Amino acid sequence: MTSISALSESSSPTLGRGFSLLTSISALSESSSPTLGRGFSLSASISALSTPSDDVGMWVDASPALALPWEKYPGTIDTAWALPWEPMEFMDAGNNLIWALPWGEVGHVDVGVMIDWGSVGSCDADNVLPWGGMLHRDADLQVPWLQAIQTDQDIVLPWAKTIDTDAGFVIPWAKTGTADVSTALPWGMLAAVDIETRLAWGKTLAVDVAVKCPWSRTIALDVSNFAGFTQGEGEYVKHALFKDFKLPWIAAARIIMYEQNITFTRVSDGQTVRLLTASVDIDVDSWCWELRVTLPSKTDADFVRPDPATGEMTEVEITINGYTWRFLIKSISENYAWAKGTYNVTGYSPTYLLGDPGPRVTDTWSAQSAEAVVAGLLSGSGYTYTWDLLENTWNLPAGCLSVSDATWIDIVKKVAGAVGGVVQTNPAGYNLTLQSRYPTSPKNWASATPDHTLMAGIMSQGIQPRQQPKYNQVIVSGQHYGVIATVRREGTAGDNPAPNVTDPLLTNVAVCTERGGIELDETGYNKADETLLLPLPGPGNVPALLLPGDLILVQDLNEAWRGQVKGVTVSTERAKTRQQVVLERNYL
Amino acid sequence: MNIWKQFERLQKPGGQDLRVAEVITVYDTETLVEDAGGQQYRALGTDHAAGQMVFIRDGAIIGQAPSLTNAGIVYV
């Protein structure tokens, strides 16, 4: 028993807590019961290793005195799962240690050294390390940044400059492959959404009304004014709002999609003219539309160029998403800067010829109605009119209307302006509309039916306040005929009078009242010009083309308010068409 | 918006500054007049007698006005 060591708690030296290494112990036996650490003992009920049998890798009938502490395996060992080393060979036929340990004789160890088992016999290198031999390193797989240069330690970035490396190693995953564009953006072209299927997530649970809009910028909408929807859509939204979904922001999130469709042609022969940009605009104080177009080439400019010798203007027609306007081209200018080679074209509605370019009149009218004056003036001219002013009550005595060197449009505007009216040309260009400056008085806007409702699609919004003197009374009188009337705002003392209004066409109380009311509407309230940027999807869609005088109900993100259109500008450029609307808003 | 119209309004707020008023008292160089609303003010000119209706433009009497029927106060 010269080479067996065993563990015993009672022996020294100590290997950690409760471990000790004992030498010169004959064997491991149950009786020795060495303890491994605290409370851990080798309970050696072992059928130990004794003599080698013919069974591969197995020992049977070992002497208990020499056994290892684990018990005999009761089953049959499958040699296919045996340990990889071969059956043991006898080391010394005359020695009982032949079964002991396979690495041969171990020399005496120094007790003072914790683990020092002396020389170890050679073993089969093939069985020692199961993972085999190391492979040779492939030089091509070395770290790609090559050799680093020693740096100056005083430099903040100690690695200093790096050496240029082979780009092939810099990004080990090499180039990325070409993406399939057809699958890159899965949403691709948006298709028209069927409102009936818009809420794909189905019914949601009822929520606490107090917390249903946690992000704050949504507002409760007045669905009674959902004029922009078709009947089916409106019913659906109402149902969604009140019955099942409780989603008041659904209308505000409505998506407006439309196809851009712009055409620009010469009326005389239908010649198509290409354009880069275009805008048309009108406001309540202008009687005709104005066109501004940018053309890409001289060829296109020549198609519409006016004749400077005869002064004849080229008539053109522009269609923007289904809305059509007629214009006479007044001027063309070429842009030389930066070699653009583009042409700016300006035009006006055909009613432009009723102004300065047209004939002038010096005349005194006999007794007739105000409307008859306009009708007689435009009769046979190729122009028509729409009378939206006082009806059947406005008669002019003979000599009441007299002008000298006035254009036709001056006369029309004089008639309309006498009762606070304005003159507008329709987009088609040949019809004048005489309408009130305020078809509905601002004090009645709250109860009036709006011409349009805007609750979605507002792309931007700005405000320009206009403080007014807040007049509450005005004296209105005729000049040589008619009456004098004191027009006072109802519910006021008339203590803030406006400058008097005297006009020869104010011939009766109704006319004076109309004019006085317009004057007070215009100056009697603080106002603001609200500028809205909207899409223009085309006729039949919301928002429609808004015209001066239209009363609009706006459901924006913060509140619902009403305003009257003062002016509109429709512009188109490449793939977008917008209408910028200025609404007059009154603060009563 | 129509810039010219905005400019016009700046020049003559309230529109055409032609007024009709009744002569109350004639002084040496001015005349005290009263408009239909009962407001009295002085205008240049002494050519019209008390009780006559006159046209006043920019603070000066420019001529005699017809006696138009006063319809009184109309509320809007």
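Residue numbers begin at 1 in each chain, while the letters A, B, ... track the order of the sequences. Note that this is a predicted model, so its numbers are computed, not measured.
- No part of A:Ala498 comes within reach of chain B, as not one of its non-hydrogen atoms sits under 4.5 angstrom from that chain.
- Interface summary for chain B: among A:Gly491, A:Gly494, A:Ala485, the most heavy-atom pairs under 4.5 angstrom belong to A:Ala485.
- For chain B, the nearby part of A:Val509 is the side chain; its heavy atoms alone come within less than 4.5 Å.
- Remark: A:Ile484 CD1 to B:Glu22 CD distance equals 9.5 Å, nearest 0.5 Å.
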Going by atom type alone, with no hydrogens or angles, which donor-acceptor pairs under 3.5 Å involve a side-chain atom of residues 67-75 of chain B and a protein atom two or more places apart or on another chain?
from, atom 1, to, atom 2, distance (Å)
B:Asn70, OD1, B:Gly72, N, 2.8

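- Scanning all heavy atoms of the two residues, the minimum distance from B:Val20 to A:Gly478 falls at CG2-O, 4.2 Å.
- The side-chain heavy atoms of A:Arg488 and B:Val76, taken from C-beta on, include no pair separated by under 4.5 Å.
- Considering every non-hydrogen atom in both B:Leu18 and A:Gln479, the closest pair reads CD2-OE1, 3.6 Å.
- Residues from residues 37-47 of chain B that place a non-hydrogen atom less than 4.5 Å from a non-hydrogen atom of chain A comprise B:Gly37, B:Gln39, given in numerical order.
- With sequence neighbours excluded, the residues forming a side chain to side chain contact (heavy atoms under 4.5 Å, CB included) with A:Ser331 are A:Thr346, listed by chain and number.
- For residues 25-36 of chain B, a heavy-atom distance under 4.5 Å to chain A picks out B:Asp35, B:Ala36, given by residue number.
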